[in-house]
S.K.: 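Let me give you the structure first, and then I'll get to my questions.
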Amino acid sequence: MPKLGSFLVILLVLIMATETMEMVEAITNAGDIQALKQILMAVNVASIKPSSCLGSWNFSMDPCDTRSTSHFTCGIDCSPGNIEEGERRIMGLQLERGAAYEGTLSPHIGDLTALQRVIISGNSFHGLVPASLAQLKELVHLDLSSNLFSGSLPESLGLLQNLNFFSVAYNSLVGQIPKSFNNMMSIVYMYFNNNQLSGNLPELSELKRLQYLDVSNNRLSGSLPARFPPMLELLSLGKNQLSGDLPVGMKSLSFLQVLDLRSNSLTGSLEALIYELSSLQQLNLAHNKFTSLGRTTVSDTSSSSKLISLNVSFNSLQGAIPESVARLSKLTVLALQSNLLTGPIPHNLALKAANLLSGTEQLRQLYLENNYLTGDIPWPFFSLSADTSIAYLGMNCFKSCPPSFFFCQRDTQRSETECHNGLKTSHLI
Ligand SMILES: *[C@@H]1O[C@H](CO)[C@@H](O)[C@H](O)[C@H]1NC(C)=O
Ligand SMILES: *[C@@H]1O[C@H](CO)[C@@H](O)[C@H](O)[C@H]1NC(C)=O
């Protein structure tokens with residue numbers, strides 16, 4: 001029965017071929033398996049709980065084989081099976097936040113060349129950020145935040161042309177932000193906050209897609225770069241040691257909504273920031289050395305301003321509060337306490353505080369204490385209610401501020417001598 005014989009042989013070959021194909025489909029790239037083994041070995045065994053993701057990585061089965069178990073795949077994403085290529089690649093590495101893994105990040109992570117996402121935030125990885133991450137040409141999302149990484153950032157990371165999200169926030173990194181980061185053409189989110197990074201903030205103006213840049217709580221010094229990434233929506237550089245005047249280039253940040261420069265040593269006038277950034281909603285400049293709020297005349301641009309909150313408390317502002325501040329139509333919070341401001345409260349500002357200035361929002365929070373303001377308290381103030389407004393006028397040089405009004409409480413007015421001497425000092429500066 002030769003016919004049946006050959007039929008059986010063909011059937012057998014077919015079955016074997018199908019099985020082989022199935023086997024091939026499930027096999028993970030050998031180099032990727034080796035790299036995963038190295039990554040596991042760099043983590044302190046004692047910190048790996050048996051129930052955690054890394055606790056399930058024992059390599060007795062293929063990491064991407066989902067037929068026999070789904071257990072190993074914890075912490076990794078595999079590319080979909082591809083019969084032609086005959087192998088699967090590791091595309092994502094995401095370890096659980098708070099799993100308390102301790103150890104280093106193996107430089108062999110650079111061998112997982114198909115990686116698109118690396119998320120190992122909220123653990124206790126220490127040591128260097130591996131320069132080999134630069135080999136991951138497909139990388140889109142890199143989150144190393146809230147670990148114990150130290151040393152400086154590798155220059156080579158600037159090669160990551162597909163990176164959209166980068167965070168090393170809340171680590172112990174030192175040194176400068178490499179200039180090469182100005183080459184990350186696809187980057188949208190960059191978080192360097194809460195490290196010990198020093199030196200100048202490099203110019204990142206080639207990053208045409210960057211919307212969020214947070215370098216707050218570091219040790220940046222020197223003056224700000226001349227140009228900024230044009231699409232920025234949030235710029236946070238608070239709690240550093242930055243000095244000098246604001247660069248003219250900041251005026252062109254027409255998408256900027258939140259600017260936080262608090263707690264630095266920045267100087268000069270705020271005219272451009274307050275009146276020329278058309279999307280700005282929140283501006284915190286507290287604890288700096290700014291000297292001027294800028295223009296004194298009312299202008300058209302102030303009514304189209306989107307500024308909601310302006311905080312220039314604890315600075316060196318001199319001169320009178322410009323009338324134009326009252327024309328910032330959306331402004332609801334104004335903090336100017338602890339400066340060297342002189343002159344009377346602009347009448348329009350008082351009207352705005354009492355919600356009597358047409359075409360503008362009510363100024364609900366007004367902090368003017370600890371200045372050298374003079375004159376009478378404008379009458380609209382006396383209609384304010386402590387239930388709906390916050391206002392502080394203490395420690396100034398007003399003719400009289402009866403403590404029966406809530407905005408005069410907390411601090412009394414300065415003595416005549418203090419006002420006289422303070423005014424003299426403030427004029428000399
Ligand atoms: C590897 O892990 C699997 C799934 O947790 C388990 O069934 C198997 O016994 C483990 N093998 C070894 C050698 O530990
Ligand atoms: C102004 O900023 C300082 C420093 O960040 C902060 O302490 C204060 O609460 C802010 N004031 C308002 C009114 O937001």
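Nothing fancy with the numbering, it's 1 onward along the sequence. Both ligands and their constituent atoms are indexed starting at 1 by order of listing.
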S.K.: Would a search of protein heavy atoms around atom 7 (O) of ligand 2 find one under 4.0 Å away?
M.R.: no

S.K.: With the threshold set strictly below 4.0 angstrom, can you tell me whether any protein non-hydrogen atom sits that near atom 11 (N) of ligand 2?
M.R.: yes

S.K.: Quick one: do the Glu418 and Tyr372 side chains pair a donor with an acceptor below 3.5 Å?
M.R.: no

S.K.: With heavy atoms of Arg262 as the reference, note each atom of ligand 2 found under 4.0 Å away.
M.R.: 5 (O)

S.K.: Between Tyr392 and Phe407, does the ring centroid distance fall short of 6.0 Å?
M.R.: no

S.K.: Does the distance from a Lys or Arg side-chain N to an Asp or Glu carboxylate O, for Glu276 and Lys251, drop under 4.0 Å?
M.R.: yes

S.K.: If we ignore angles and hydrogens, is there a donor and acceptor under 3.5 Å between the side chains of Asn164 and Ser186?
M.R.: no

S.K.: Checking a contact table here: which protein heavy atom is nearest atom 13 (C) of ligand 2, and how many Å away?
M.R.: Tyr367 CE1, 3.4 Å

S.K.: Which residue and non-hydrogen atom of the protein lie closest to atom 9 (O) of ligand 2, and at what distance in Å?
M.R.: Asn311 ND2, 4.8 Å

S.K.: Around atom 4 (C) of ligand 2, find the nearest protein heavy atom and jot down its residue, atom name and distance.
M.R.: Ala286 CB, 3.8 Å

S.K.: Report the relative orientation of the aromatic rings in Phe166 and Phe192; use parallel for angles under 30°, tilted for 30 to 60°, perpendicular for over 60°.
M.R.: tilted

S.K.: Quick one: which ligand 2 atoms are inside 4.0 Å of a heavy atom on Asn284?
M.R.: 2 (O), 5 (O)

S.K.: Would you please classify the geometry between the Trp57 ring and the Phe59 ring as parallel, tilted or perpendicular, with 30° and 60° separating the classes?
M.R.: perpendicular

